[in-house]
Amino acid sequence: MSKVNWSFYDDNGFTRIINVNGTMTGLGASMAVKEAINAAAEIMPHFVNMHELQQKASLVIQDLTGAEAGFIAASASAGISMSIAACITKTNVGLIEKLPQIDGQKNRVAVQMGHLCNYGASIEQAITLTGAEVSIIGQSTQVLDHQLEFAIEDGVIAALYVVSHHVVEYGQIPLKRFCEISHQANIPVIVDAASEYDLEKFLNDGADIVIYSGHKFLSGPTSGIVAGNKQLVKAAYMQNWGIARGMKIGKESIYGVMAALTAWKTRDHKAIRQQEKAALTLWLKACNGIKGIEATLNPDVTHNPLDRLKIQVDAAALGASAGAIALALSSYEPKIIARDHEVELGYIQLDPCNLDHGHAEIVSEALTNIFKQAHKGNLNEPNITDTRNAAIHAYLNWASD
Ligand SMILES: *Cc1c(COP(=O)(O)O)cnc(C)c1O
């Protein structure tokens with residue numbers, strides 16, 4: 001079995017971590033590809049005209065997305081704010097300088113209620129910090145066409161659509177229809193596709209702007225990719241002269257994510273799927289025949305080409321709940337962070353996309369050990385309220401002795 005080299009963690013006094021949750025801001029997003037790392041290092045000691053650099057980035061983005069233009073923002077979240085701001089100001093520099101004050105300007109952004117998600121902060125705030133207001137359409141699990149049409153008549157300047165496992169999966173207006181309705185009223189559609197693989201689909205479905213994270217599947221430095229209609233993308237880029245100054249991206253991240261995008265084109269996606277499959281098979285084996293555990297391969301809900309292992313727990317038969325398994329994994333040495341957003345539903349998931357050499361084997365051993373402890377009744381049950389509020393506790397605990 002291959003040994004894991006933990007020296008980076010140990011030398012710095014960092015907690016050893018294995019990430020089987022997915023790309024997460026709180027864990028440093030993803031493992032950057034070497035092309036991105038090398039590019040970021042290469043540009044660091046040089047001056048460069050930033051408009052020229054972003055112009056080159058546009059060419060790379062155009063090539064991969066089919067968009068008319070694109071630029072690199074500090075994050076997808078920044079890209080959302082800049083795109084919304086673009087719909088308010090267009091390329092009017094006077095207005096750009098005034099945001100978030102927009103007296104007299106139309107400022108409403110139509111969003112389906114089920115799309116008002118939190119990805120580490122609320123998407124509503126990414127919209128409203130431009131000075132815009134959110135116009136909520138429909139209810140959580142049902143949105144009808146006329147509700148979008150009706151909202152659009154009331155001072156709407158943009159319609160925002162979110163593609164994500166963070167949003168409600170049914171009862172929403174499909175993107176193509178959402179674009180048709182919006183475009184009938186000349187309202188641009190902005191798609192948040194931060195964590196999606198497909199770099200062409202959403203523009204093809206009618207989006208005027210699509211936004212991706214550079215540090216999720218693309219494995220680049222922390223960044224956001226804004227692509228789409230040239231005039232609108234330009235207006236979004238121009239927000240750097242205004243509210244996006246505090247969302248500044250450095251040359252190293254721009255050049256780094258350009259390299260990640262280029263590498264994405266030639267990446268051996270099939271070989272990566274094979275590696276992921278090997279990890280999933282190993283974990284499936286560790287779950288096989290365990291009383292109280294039913295493990296299955298679970299395809300990604302937004303159709304990214306990947307499976308996760310879904311571990312459904314019969315708490316009475318196992319002697320521990322799904323939450324207790326997640327807690328035991330995160331208390332393991334090394335710390336194993338599982339995908340536990342839905343533990344109330346009696347399952348956790350293991351994501352194979354961010355594994356380093358030897359990680360899969362450690363996770364498999366951990367599962368075997370933890371299931372044994374569960375059968376003996378030795379696992380602690382988490383306080384579900386604490387689990388739900390853990391993200392806030394982590395902030396409050398920062399820099400406290
Ligand atoms: C991760 C994510 C974001 C935020 O992306 P950042 O690049 O980290 O700002 C926004 N929307 C969705 C749907 C996400 O998954």
Side-chain angles (χ1 to χ4, degrees), residues 19 21-32 36 57 61 65 70-85 109 111-130 134 158-169 172 175 178 189-199 201-202 205 207 209-228 236 239 243-244 246-250 252-254 256-258 260-261 264 300-304 306 308 337 339 341-342 349 351 353-354 391 395:
N19 175 10
N21 186 320
T23 52
M24 283 184 73
T25 290
L27 295 178
S30 57
M31 296 186 297
I61 294 167
T65 63
F71 71 91
I72 310 294
S75 62
S77 195
I80 294 167
S81 300
M82 294 167 86
S83 301
I84 298 291
V109 178
V111 193
Q112 302 180 84
M113 183 184 270
H115 283 193
L116 286 173
C117 58
N118 185 306
Y119 43 71
S122 151
I123 197 163
E124 191 166 0
Q125 197 172 26
I127 298 167
T128 56
L129 66 77
T130 64
V134 176
L160 178 68
Y161 197 97
V162 183
V163 182
S164 171
H165 69 272
H166 290 300
V167 304
V168 177
E169 286 164 37
Q172 313 299 305
L175 177 59
F178 191 87
V189 173
I190 297 167
V191 174
D192 171 5
S195 194
E196 301 307 303
Y197 259 75
D198 195 321
L199 300 180
K201 179 182 193 309
F202 310 108
D205 282 354
I209 284 191
V210 64
I211 297 150
Y212 297 94
S213 287
H215 48 273
K216 291 185 177 172
F217 289 121
L218 290 165
S219 307
T222 297
S223 55
I225 293 151
V226 179
Q239 305 302 321
I243 57 163
M247 309 170 191
K248 179 163 75 174
I249 179 149
E252 65 283 4
S253 297
I254 298 171
V257 81
M258 283 165 66
L261 278 165
W264 179 255
D300 183 67
V301 287
T302 61
H303 312 298
N304 288 316
L306 73 111
R308 300 185 180 89
I337 313 286
R339 200 170 179 88
H341 320 85
E342 294 148 325
Q349 294 188 74
D351 179 309
C353 295
N354 293 279
Y395 274 104

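These numbers come from a predicted model, not from an experiment. Counting from 1, the numbers follow the sequence of the chain as shown. Order of appearance sets the numbers: ligands from 1, and atoms from 1 within every ligand.
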Sorted by chain and residue number, the salt bridge (Lys or Arg N to Asp or Glu O under 4.0 Å) partners of Lys201 (sequence neighbours excluded) come out as Asp205
[atom]: the protein heavy-atom neighbour that sits closest, reported with distance to 0.1 Å:
| atom | answer |
| --- | --- |
| atom 4 (C) of ligand 1 | Tyr119 CD1, 3.5 Å |
| atom 11 (N) of ligand 1 | Asp192 OD2, 2.6 Å |
| atom 9 (O) of ligand 1 | Ser77 N, 2.9 Å |
| atom 2 (C) of ligand 1 | Lys216 NZ, 2.4 Å |

Should the pair Phe217 and Tyr197 be assigned to parallel (<30°), tilted (30 to 60°) or perpendicular (>60°) ring geometry? tilted
Would you mind listing which atoms of ligand 1 come within a distance below 4.0 Å of any non-hydrogen atom of [X]?
| X | result |
| --- | --- |
| His215 | 6 (P), 7 (O), 8 (O) |
| Thr25 | 8 (O) |
| Ser164 | 13 (C) |
| Ser213 | 5 (O), 6 (P), 7 (O) |

Side chain or backbone of Ser75 under 4.0 Å from ligand 1, or both, or neither, by non-hydrogen atoms? both
Strictly distance-based, threshold 3.5 Å: is any side-chain N or O of Ser30 a donor or acceptor partner for the main-chain N or O of Ala32? no
Under the side-chain hydrogen bond (donor to acceptor under 3.5 Å, both in side chains) rule, collect the residues that match up with Gln349, sequence neighbours excluded. Asn298
Report the C-alpha distance between Cys353 and Leu306 in whole Å, list the side-chain angles of each, state the deciding distance to 0.1 Å, and finish with yes or no for side chain to side chain contact (heavy atoms under 4.5 Å, CB included). CA-CA 8 Å; Cys353 295; Leu306 73 111; 3.9 Å; yes
Hey, does Ala76 come in under 3.5 Å of ligand 1, counting only N/O atoms on both sides? yes
Evaluate side chain to side chain contact (heavy atoms under 4.5 Å, CB included) for His341 paired with Asn21, printing each intermediate quantity in order. CA-CA 9 Å; His341 320 85; Asn21 186 320; 3.9 Å; yes
With a 4.5 Å limit on heavy-atom distance, are the side chains of Asn118 and Ile123 in contact? no
Could you go through the ring-ring contact (aromatic ring centres under 6.0 Å, His included) check for His115 and His166 one step at a time? CA-CA 8 Å; His115 283 193; His166 290 300; over 10 Å; no
Within-shell test, His165 vs ligand 1, heavy atom, strictly < 4.0 Å: no
